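Comments concern the structure below.
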Amino acid sequence: MSGSFTEQRNELSHLASESCHLRQAFKDDAQRAQRYTTRACGITLDYAKNLINDASWRALQQLAANSNISKLREQMLQGAAINNTEQRAVWHTRLRQQDVTGLMLDGEDIGQQITECRARMAALIDTLHQQQYLGYQGSPITDLIWVGIGGSLLGPQMAVEALTPYHCSPVKLHFAGNIDGAVVSDILNGLHPATTLVVVASKSFGTEETKQNALAIRQWFTEHGADKAAIAHHFWATSSNIAAAAEFGIEQKNILPMWDWVGGRYSLWSAIGLPIALMIGNQQFKQLLAGAEAMDQHFFSAPFSENMPVIMALLGVWYINGHGCQAHALLPYSHYLRLLPSYVQQLDMESNGKSVNRQGHALPYATAPVIWGDAGTNGQHAYHQLLHQSALAVPADFILPLKVKHPLKDQHSRLAAHCFAQTQALMQGKTLAEATAECVAQGMTEQQAAALAPHKVSPGNKPSNTLLLPELSPYYLGALIALYEHKVFCQGAIWQLNSFDQWGVELGKQLSGPIYQALTGNGSNNFDSSTAALIKQFLAAQNS
Ligand code: F6P
């Protein structure tokens with residue numbers, strides 16, 4: 001496979017059109033699982049239940065070799081401005097590097113900045129854990145509200161949830177995202193400002209949702225008699241826009257840094273990870289970083305044929321550009337990982353949901369899939385029906401921690417049984433002959449069996465990956481997140497786009513300004529007829 005990705009894509013489509021029957025492939029090759037399984041940082045990826053054979057897998061490997069992955073990976077490591085539309089380096093991997101001594105970027109001692117930030121975060125957390133952070137009325141802080149959205153919220157929220165068994169904080173944590181006033185109103189119910197710390201997490205410190213939520217909380221402080229000094233004592237920020245944070249009333253000593261070289265959706269390794277460190281403690285937070293660093297080392301050094309992020313990226317490209325799939329399901333068989341799909345949604349779709357290449361030229365092929373999913377087994381009683389029997393092909397990642405901390409071990413075996421059974425059912429399906437025999441065995445007449453059996457047929461041949469984690473610990477969670485980050489990176493490299501900007505989200509933000517003016521009676525309702533009618537109806541409801 002050679003030439004531009006456009007040419008290679010044609011070859012992928014051609015290869016994909018050649019039939020591959022997974023049920024038969026497993027019968028023909030007892031070593032299939034062994035051949036298509038790889039391991040990294042303790043994580044196992046079984047990708048044998050994918051629509052690949054020797055020829056297509058060789059072609060995909062060749063695609064990786066011909067792609068930009070190696071070059072871009074090296075440029076990322078060197079701190080080149082691979083986020084070319086914003087002229088920024090992409091260095092989130094440096095944030096999990098244990099030893100950052102002497103790390104320089106554009107003449108700045110980044111290593112020292114990272115070290116200082118880590119120390120300030122750890123000190124704040126220790127003080128909170130020891131209940132020595134006293135509020136403006138002298139009582140210890142009991143609650144922390146984390147105000148942010150997108151990359152400044154999804155990562156910590158997902159990881160905090162995922163690591164529930166490791167929670168050790170005496171301080172309760174509340175996440176306030178979304179401009180819907182219900183979120184902050186609900187959080188403030190039952191809290192008191194004198195025992196509440198607020199962290200405004202916004203890289204830009206200009207995001208409307210975060211600003212409005214922060215203003216509402218500041219107002220609540222004022223209404224409870226907190227003066228300027230009290231508010232300054234209770235508000236922290238994590239931001240790269242020190243001036244805007246200071247203008248809001250946050251003191252410099254309470255501002256933890258963010259850097260231009262860390263994209264929002266890649267930032268949970270920075271001070272954006274503070275809620276994680278708060279909930280699991282500083283030592284376990286280090287383990288999260290260590291797991292991610294181990295996956296970085298694997299990604300940077302393993303040959304492509306064994307490189308887990310590369311393999312997952314190739315399979316994704318295979319389905320999107322070879323088979324025409326448009327979606328990818330993420331199905332964690334772990335209650336604690338139930339927010340992983342929403343986290344990866346931003347990671348993947350905001351990174352690679354693009355239609356121009358790095359030079360701004362239109363891409364003649366599809367890129368990122370629609371990522372969706374939820375925790376198993378709940379999905380089995382909802383959308384798995386479509387996975388099994390609809391004509392749509394939705395490749396899926398099944399994720400299972402092997403060991404759990406809760407005492408209901410038999411239920412864990414049952415959960416695992418369902419996880420494995422789903423991948424097996426998707427792969428092998430059920431033929432008409434099998435469905436008919438099943439009906440007859442249940443006592444139906446031949447006629448009854450013939451009528452019902454077609455409804456029971458599952459075509460099978462539906463692809464899936466299975467990822468096994470030894471356990472859902474901070475270390476393996478760090479490795480898992482880094483795995484998905486690097487998968488997205490490789491796909492962006494193959495599709496020749498910039499995975500690190502997100503210009504598409506701007507238009508909606510721009511248009512909401514004049515609409516807000518119209519909704520509040522300060523602007524004209526001079527929009528297209530649909531938008532104008534919606535505004536009119538909203539205004540009528542407010543005035544009724
Ligand atoms: O709207 C998109 C976005 O810019 C994300 O990329 C980012 O993670 C999020 O908004 C929040 O941005 P900030 O941290 O600057 O408030």
Side-chain angles (χ1 to χ4, degrees), residues 82-92 95 117 121 145-160 175-180 183-184 198-218 235-248 250 254-276 339-354 367-368 371 481 484-485 488-489 492 497-513 516:
I82 61 169
N83 175 357
N84 62 312
T85 59
E86 297 178 301
Q87 277 307 306
R88 290 175 181 172
V90 174
W91 253 17
H92 51 278
L95 290 167
C117 176
M121 261 175 85
I145 308 178
W146 184 263
V147 190
I149 199 161
S152 295
L153 180 114
L154 290 167
Q157 198 173 26
M158 177 274 290
V160 162
F175 286 104
N178 197 337
I179 203 162
D180 186 336
V183 177
V184 163
V198 183
V199 184
V200 185
S202 176
K203 184 176 163 186
S204 60
F205 218 90
T207 304
E208 187 193 359
E209 292 91 332
T210 302
K211 258 182 131 172
Q212 289 307 317
N213 282 336
L215 284 169
I217 299 170
R218 194 176 72 181
F235 272 73
W236 281 66
T238 59
S239 185
S240 61
N241 190 347
I242 313 285
E247 196 186 314
F248 181 88
I250 300 176
N254 287 1
I255 303 175
L256 293 163
M258 289 180 78
W259 299 276
D260 274 353
W261 42 265
V262 184
R265 53 193 173 273
Y266 299 89
S267 64
L268 74 84
W269 322 101
S270 69
I272 291 293
L274 191 132
I276 313 169
L339 295 183
L340 186 73
S342 5
Y343 169 76
V344 176
Q345 247 167 22
Q346 189 205 16
L347 175 64
D348 198 325
M349 295 166 79
E350 197 171 61
S351 295
N352 288 343
K354 314 273 167 74
T367 60
I371 301 280
I481 300 169
Y484 277 99
E485 284 181 352
V488 167
F489 175 90
L497 52 80
N498 178 0
S499 301
F500 301 100
D501 60 11
Q502 58 283 324
W503 297 105
V505 301
E506 295 304 321
L507 178 60
K509 291 184 192 172
Q510 285 161 4
L511 296 185
S512 74
Y516 171 72

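As the structure lists them, so they are numbered: ligands from 1, and atoms in each ligand from 1. Because the structure is a prediction, the values reported are computed rather than measured.
Considering Leu153, Val147, Ile149 as possible partners of Phe175, the one that fulfils the side-chain contact (heavy atoms from CB on, under 4.5 Å) test is Leu153. Exactly one of Thr367, Asn83, Asn352, Asp348 qualifies for a side-chain hydrogen bond (donor to acceptor under 3.5 Å, both in side chains) with Ser499. That residue is Asn352.
Residue-ligand proximity, Val505 to ligand 1, at heavy-atom distances under 4.0 Å covers atoms 1 (O), 2 (C). Shown in contact with Thr207 at under 4.0 Å from a heavy atom are these atoms of ligand 1, numbered in order with element: 12 (O), 13 (P), 15 (O), 16 (O). Each of the atoms 7 (C), 8 (O) of ligand 1 lies under 4.0 Å from some heavy atom of Gly151. Those atoms of ligand 1 that come under 4.0 Å of a heavy atom in Ser202, given as number and element, are 13 (P), 14 (O), 15 (O), 16 (O). Residue Lys203 has at least one heavy-atom neighbour below 4.0 Å for each of these atoms of ligand 1: 13 (P), 14 (O), 15 (O).
Looking at ligand 1, you won't find any N or O of Ala201 less than 3.5 Å from one of its N or O atoms. Below 3.5 Å of separation, one finds no N or O of Thr210 facing any N or O of ligand 1.
A tilted orientation is assigned to the rings of Phe500 and Phe489, their planes being inclined by 30° to 60°.
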Can I get a per-line list of side-chain donor-acceptor pairs under 3.5 Å for residues 198-206, giving both atom names and the distance, sequence neighbours left out?
from   : atom 1 : to     : atom 2 : distance (Å)
Ser202 : OG     : Phe205 : N      : 2.9
Lys203 : NZ     : Val262 : O      : 2.7
Ser204 : OG     : Gly206 : N      : 3.2
Ser204 : OG     : Thr207 : OG1    : 3.3

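Under the 4.0 angstrom criterion, atom 10 (O) of ligand 1 counts as lacking any protein heavy-atom contact.
The protein heavy atom nearest to atom 6 (O) of ligand 1 is Glu350 OE1, 2.9 Å. In terms of protein heavy atoms, atom 15 (O) of ligand 1 is closest to Ser204 OG, 2.6 Å. With hydrogens left out, the protein atom closest to atom 14 (O) of ligand 1 is Ser152 OG, 2.6 Å, a heavy atom.
Of the charged side-chain nitrogens involved, at least one lies within less than 4.0 Å of a carboxylate oxygen, so that Lys509 and Glu506 count as a salt-bridged pair.
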Would Phe235 and Ile217 count as a side chain to side chain contact (heavy atoms under 4.5 Å, CB included) if you check the C-alpha gap in whole Å, the side-chain angles of each, and the deciding distance to 0.1 Å? CA-CA 10 Å; Phe235 272 73; Ile217 299 170; 4.0 Å; yes
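Close to ligand 1: Lys509, with a non-hydrogen atom less than 4.0 angstrom away. At least one heavy atom of Gln346 sits under 4.0 Å from some atom of ligand 1.
Within the model, atoms CG of Leu256 and OG of Ser239 stand 10.5 Å from one another, a figure rounded to the nearest 0.5 Å.
In Gln502, the part holding a heavy atom less than 4.0 Å from any atom of ligand 1 is the side chain.
Between the side chain of Glu485 and the backbone N or O of Tyr266 there is no donor-acceptor pair closer than 3.5 Å. Here the side chain of Trp146 pairs a donor or acceptor atom with the backbone of Ser152 at under 3.5 angstrom.
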